[in-house]
Visitor: 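Handing you a structure now.
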Amino acid sequence: MITRKSEQEHSVRESMRGGNGIVQLTGLTKPLPANARLFSVIRLTPGTSIGYHVHENETELFYFVEGCARVCDDGAYFDVCAGDAMSTASGHGHGVENTGDVDVVIVAAIIKD
């Protein structure tokens with residue numbers, strides 16, 4: 001099934017997961033398979049963040065397309081940039097903050113266990 005750019009749904013979330021600013025999301029396809037909860041592009045403007053949260057019974061995958069960010073992966077902090085990827089399995093937590101001066105763009109998928 002093809003989802004054209006004009007058909008993709010855009011939304012915003014203020015203080016996502018307790019983070020700062022407004023996170024912009026673009027759903028890439030609908031409907032999602034039964035074992036998927038999310039397949040989106042996430043855009044974080046400078047200073048915007050997604051607060052630390054733990055995933056239960058699902059795994060979230062991030063691929064950083066543009067920009068650089070600081071991530072918290074189970075309490076440890078790392079700097080990531082375009083081309084890096086991150087996986088957060090069930091029972092583990094993460095958060096991400098745009099600490100740079102350009103937008104951070106992430107392709108994200110959440111797969112239910």
Side-chain angles (χ1 to χ4, degrees):
M1 170 180 237
I2 303 294
T3 304
R4 303 286 180 195
K5 184 176 182 178
S6 63
E7 300 169 329
Q8 296 169 352
E9 295 182 12
H10 302 279
S11 62
V12 296
R13 294 193 192 160
E14 191 169 345
S15 302
M16 188 171 180
R17 303 284 190 163
N20 297 318
I22 297 173
V23 175
Q24 302 166 40
L25 294 106
T26 301
L28 295 175
T29 190
K30 282 224 173 189
L32 291 171
N35 65 332
R37 184 167 73 80
L38 176 95
F39 182 46
S40 294
V41 171
I42 299 172
R43 181 175 296 272
L44 304 173
T45 57
T48 300
S49 63
I50 300 170
Y52 184 84
H53 58 284
V54 175
H55 285 270
E56 296 295 340
N57 304 310
E58 62 187 19
T59 296
E60 185 162 25
L61 305 169
F62 279 174
Y63 177 73
F64 295 87
V65 178
E66 294 178 21
C68 294
R70 184 130 176 104
V71 298
C72 182
D73 182 24
D74 277 339
Y77 289 86
F78 302 93
D79 293 320
V80 296
C81 287
D84 293 337
M86 180 177 186
S87 176
T88 304
S90 181
H92 297 272
H94 67 155
V96 59
E97 178 181 8
N98 182 347
T99 55
D101 55 2
V102 299
D103 289 359
V104 169
V105 178
I106 305 164
V107 174
I110 298 178
I111 309 302
K112 300 174 190 175
D113 293 343

Visitor: Side chains of residues 32-45: which donor-acceptor pairs under 3.5 Å do they make with residues two or more places apart or in other chains?
Guide:
unit_1	atom_1	unit_2	atom_2	d
Arg37	NE	Glu58	OE1	2.9
Arg37	NH2	Glu58	OE2	2.9
Arg43	NH1	Asp103	OD2	3.1
Thr45	OG1	Thr48	OG1	2.9

Visitor: Among Val96, Val107, Val105, which residue meets the side-chain contact (heavy atoms from CB on, under 4.5 Å) test with Phe64?
Guide: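 The side-chain contact (heavy atoms from CB on, under 4.5 Å) with Phe64 is passed solely by Val96 among Val96, Val107, Val105.
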
Visitor: Counting only heavy atoms not in Glu14, do more than 12 sit closer than 6.0 Å to its CD atom?
Guide: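 No, the 6.0 Å shell around CD holds no more than 12 heavy atoms from other groups.
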
Visitor: Do the side chains of Val104 and Glu66 get nearer than 4.5 Å, heavy atoms only?
Guide: no

Visitor: Rounded at 0.5 Å granularity, tell me how far OH in Tyr52 sits from CD in Glu97.
Guide: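 Between Tyr52 OH and Glu97 CD, I get 15.5 Å after rounding to 0.5 Å.
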
Visitor: Side chains of Ser87 and Thr59: closer than 4.5 Å at any heavy-atom pair?
Guide: yes

Visitor: Using side chain to side chain donor-acceptor pair (under 3.5 Å) as the criterion, point out the one residue from Asp79, Thr99, Asn98 that pairs with Arg70.
Guide: Asp79

Visitor: Please, which pairs that meet ring pair (Phe, Tyr, Trp, His ring centres under 6.0 Å) have at least one residue in residues 79-113, sequence neighbours excluded?
Guide: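 Qualifying pairs: His53-His94, His55-His94, Phe62-His94.
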
Visitor: How close do Gly100 and Pro46 get, heavy atom to heavy atom, and via which atoms?
Guide: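 Answer, listing the atom of Gly100 first, then Pro46: O-CB, 3.4 Å.
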
Visitor: Does one hydrophobic cluster hold both Val80 and Met86, with members joined at side-chain heavy-atom distances below 4.5 Å?
Guide: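 Linked, Val80 and Met86 end up in one cluster.
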
Visitor: Using ring-ring contact (aromatic ring centres under 6.0 Å, His included) as the criterion, list what pairs up with His10, not counting sequence neighbours.
Guide: none

Visitor: Quick check: is Phe78 connected to Ile50 through a chain of hydrophobic side chains (ILVMFWY, heavy atoms under 4.5 Å apart)?
Guide: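 Yes, same cluster.
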
Visitor: Could you tell me whether Lys30 atom NZ has more than 12 heavy atoms of other residues or ligands within 6.0 Å of it?
Guide: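 Atom NZ in Lys30 is not crowded, with 12 or fewer foreign heavy atoms closer than 6.0 Å.
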
Visitor: Could you work out, with side-chain contact (heavy atoms from CB on, under 4.5 Å) as the rule, every residue matching Asn20, not counting sequence neighbours?
Guide: Ser49

Visitor: Quick one: are Thr3 and Leu28 in side-chain contact, heavy atoms under 4.5 Å?
Guide: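 Sidechains of Leu28 and Thr3: no contact.
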
Visitor: Tell me the closest heavy-atom pair linking Gly27 and Gln8, and the distance in Å.
Guide: O-CB, 3.2 Å

Visitor: Output all residues satisfying salt bridge (Lys or Arg N to Asp or Glu O under 4.0 Å) with Glu9, sequence neighbours left out; order by chain, then residue number.
Guide: none

Visitor: Among pairs that include at least one residue of residues 84-113, which meet disulfide (SG to SG under 2.5 Å), considering only residues two or more places apart or in two chains?
Guide: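 Listed by first then second residue: nothing to list.
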
